[in-house]
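Structure, as structure tokens:
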Amino acid sequence: MAKKKKKLIFHPITTYLILILVTIILSFILSCFSFSSTYNSINPATGELEKTIVTVNNMLSYDGIKYIISNAAKNFISSTTLSTLLITLIGLGIAESTGFIETFMKRRLVKINPKFITFIIFLLAMFSSIVNEVGYALLIPIGAMLFLFNGRNPLAGIAASFAGVAFGYSISFFVGTMDINLMSYTTTAANLIDKSYYVRMTSNLFIMIISCIILAIIGTIITEKIVVKKLGRYVLKTRDEFGETKEIEYLDLQYEEQKKIKEEKQEKKGLKYATIAGIVVTIIFIYMAIPNLPLSGMLLDLEEEAYVDQLFGTNSYFQDGFTYMMSILFAVVGIFYGIGSNSIKNDKQLFIKLGEKFSEIGLLIVMLFFSAQFISIFKESNIGAVITAILTNTLKSMPLSGIVLVIVAILVVGISNLFLTSSVSKWAIISPTLVPMMMQLNMNPAFAQFVFRAGESITNGITPLLAYFVVYIGYLNIYNKDKEKPITIGKGLRIMTPYFIGLALTWILIVVIWYLIGLPLGPDVYPTL
């Protein structure tokens, strides 16, 4: 009988090292063949089209190697993924160390239908993109804990949280950072055809709200019907006092943990303290985001005229400080719960527990280092920008119209997003081509902008070039019960595959049906002009 070949499995860190090496070699090969492309860009001063040439940079050259070596520390330390994750985990770690999160989940969420909790996770994940990308750092660990304390596999909670943020990126019930980032490019591109056209902030509001609800429902179905069943029950192995191995199923955790709480009265008192503290902190933050009141408005960019720009603009203090504000909220709530429930005796005990929580993410931080190098080197190589430019020119050369153009445009944006994940960078290349094309076919520039958002979202969760993809892989391994067999990037992608297929089809159907029916995209804004 032939011996079965052993399957080769690479640790995520090894995979990132391989990806770095492949990128360097690929950049060398492509540069030897002068791999480049030309795309139309808009001169911000004149509003006119200009030809821009983008070429692949050889990362195996003298300058390329110098960049790789000299920027390694900078790429890691300046990584927003690292800073956002660490800041978020300080607050979450304190709240978890004092017992607040565990008690809150068991007392407030244990009686809620698990499927409804999954739906809420998806909705919150989509809402989180209204301010930067804090959802990846905040909701992935929370999703894991929500599933764990409800007797379910935390890996499914991690997958649902990541899928919600990634595949529902840039949509919510409110306008936010993404609208501000995209609308200026959309307006400039539209002005190539109509000098008087202006894309309003709320141009995509209605379709975003409906899309949020539909995608959350589909995401919940995929999680419950496919992902939860595929991942199975979560069983850990431990040793008893005789050194024998036994299995503990987290299905019974809610009952076991209840016995550990000494007094029901203390627990209620802790939650009462935490609730009051949370309300006070929230009111303070809200007051700081209100203009024209005594000592208020310090979170706003008061140089902007519109309130939305003050709140979500490029220089908004609210946007820049949102991650820290969430961390403060969780920390304060956790500390007051600890005081009320007497779960912490002093500051030393608190920070010892906090240190223990941070010890769990040591490997994730190492993964972040190599992920940051890969993303930085790939970006510097310009491979993604060249591919996006080529795809944009291909789209321009196709004699497409109507629904076919809409679907092909979504697919072009989705493929581009696999290699160039920055929304602004992609839209700067694509908008001068796509917006005029659609306007000439009587399609609204605001509709073109939403087509872009749909295309970008459908592949966000399946590209390792997404800065927060490593956080998803890292948490899968933190909760992985078999440390001898790490969850690879390939397995992480396979877990995402049902979400990718289901949510991509949902995105396309939403855009197509909306266009065919002619429903309003926002107040007084329709798919057609």
Side-chain angles (χ1 to χ4, degrees), residues 42 44 47 126-127 129-132 168-215 304-314 316 319 402-403 405-407 409-410 412-413 417 423-458 506-529:
I42 301 175
M126 293 177 192
F127 287 173
S129 64
I130 195 172
V131 183
N132 293 323
Y169 188 67
S170 83
I171 61 169
S172 69
F173 282 8
F174 314 97
V175 296
T177 305
M178 184 57 65
D179 299 273
I180 295 174
N181 291 339
L182 297 182
M183 60 181 286
S184 60
Y185 289 92
T186 310
T187 298
T188 305
N191 292 158
L192 294 170
I193 303 296
D194 182 356
K195 296 289 185 183
S196 64
Y197 194 89
Y198 178 77
V199 179
R200 296 199 301 269
M201 188 78 65
T202 57
S203 294
N204 292 157
L205 183 60
F206 294 165
I207 192 171
M208 284 198 306
I209 293 173
I210 300 301
S211 297
C212 260
I213 297 171
I214 295 173
L215 289 167
E304 297 285 350
E305 293 184 5
Y307 179 70
V308 175
D309 292 329
Q310 292 177 352
L311 194 62
F312 296 112
T314 306
S316 164
Q319 178 179 262
I403 294 302
L405 172 61
V406 171
I407 294 174
I410 291 174
V412 165
V413 174
N417 188 61
S423 302
V424 172
S425 298
K426 280 196 305 293
W427 195 224
I429 295 173
I430 297 173
S431 62
T433 295
L434 182 60
V435 173
M437 276 184 71
M438 296 185 77
M439 287 185 73
Q440 289 170 345
L441 294 170
N442 200 40
M443 296 184 191
N444 200 310
F447 182 61
Q449 180 175 287
F450 193 79
V451 166
F452 171 80
R453 297 169 92 148
E456 181 180 49
S457 294
I458 64 174
T506 303
W507 267 115
I508 293 172
L509 285 173
I510 289 172
V511 175
V512 169
I513 292 172
W514 213 276
Y515 173 73
L516 290 175
I517 298 177
L519 296 171
L521 302 168
D524 299 320
V525 180
Y526 294 84
T528 55
L529 291 169

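Separation of atoms CD1 (Ile458) and CD1 (Ile410) is listed at 7.0 Å; rounding is to 0.5 Å. In this structure, CG in Leu215 is found 11.0 Å from CD1 in Ile210, a value given to the nearest 0.5 Å. Put simply, CD1 on Ile193 and CD on Gln440 are 4.5 Å apart, with the number rounded to the nearest 0.5 Å. Atom-to-atom distance recorded for Met126:CE and Ile209:CD1 is 13.5 Å, nearest 0.5 angstrom. Atom CD1 of Ile430 is separated from atom CD of Gln449 by 12.5 Å, given to the nearest 0.5 angstrom. The structure places OG1 of Thr187 at 11.0 Å from CG of Asp194, a figure rounded to the nearest 0.5 Å.
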Working for side chain to side chain contact (heavy atoms under 4.5 Å, CB included), residues Asn444 and Tyr197
CA-CA 10 Å; Asn444 200 310; Tyr197 194 89; 2.4 Å; yes

Would you sort out whether Val451 and Tyr515 count as a side chain to side chain contact (heavy atoms under 4.5 Å, CB included), showing the intermediate values?
CA-CA 10 Å; Val451 166; Tyr515 173 73; over 6 Å; no

Carefully, step by step, assess Ile207 and Leu519 under the rule side chain to side chain contact (heavy atoms under 4.5 Å, CB included).
CA-CA 8 Å; Ile207 192 171; Leu519 296 171; over 6 Å; no

Using the side chain to side chain contact (heavy atoms under 4.5 Å, CB included) rule, take Ser203 and Leu521 through it: C-alpha gap first, then chi angles, then the decisive distance, then the call.
CA-CA 6 Å; Ser203 294; Leu521 302 168; 6.0 Å; no

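Shortest non-hydrogen contact noted between Val435 and Ala189 is CB-CB, 3.7 Å. The two residues Asn181 and Ser184 make their nearest non-hydrogen contact at O-OG, 3.9 Å. Looking at every heavy atom in both residues, Met439 comes nearest to Pro445 through SD-CG, 3.5 Å. Across Met438 and Ala448, no two heavy atoms sit closer than the pair SD-CB, 3.4 Å.
Between Phe450 and Trp507, the two ring planes are tilted [angle within 30° to 60°].
For the pair Trp427/Leu434, a side-chain contact is recorded, criterion being any heavy-atom separation below 4.5 Å from C-beta on. Between Pro523 and Phe206, the closest side-chain pair of non-hydrogen atoms falls below 4.5 Å. For the pair Val511 and Phe447, the minimum side-chain heavy-atom distance is below 4.5 Å.
Side-chain atoms of Ser431 never come within 3.5 Å of backbone atoms of Thr186 as a donor-acceptor pair (strictly under, hydrogens ignored). Formation of a donor-acceptor pair under 3.5 Å by the Ser457 side chain with backbone atoms of Tyr169 is found in this model. Formation of a donor-acceptor pair under 3.5 Å by the Arg200 side chain with backbone atoms of Val525 is not found in this model. Trp514 contributes no side-chain N or O that, together with a main-chain N or O of Leu509, makes up a donor-acceptor pair within less than 3.5 Å.
Listed by chain and residue number, Glu456 satisfy the side-chain hydrogen bond (donor to acceptor under 3.5 Å, both in side chains) test with Ser423 (two or more places apart in sequence, or in another chain). In terms of the side-chain hydrogen bond (donor to acceptor under 3.5 Å, both in side chains) criterion, Asn442 has no residue partners (sequence neighbours excluded).
Results of the side chain to side chain contact (heavy atoms under 4.5 Å, CB included) test with Ile510 over Ile508, Thr506, Val512 single out Thr506 as the only residue that passes.
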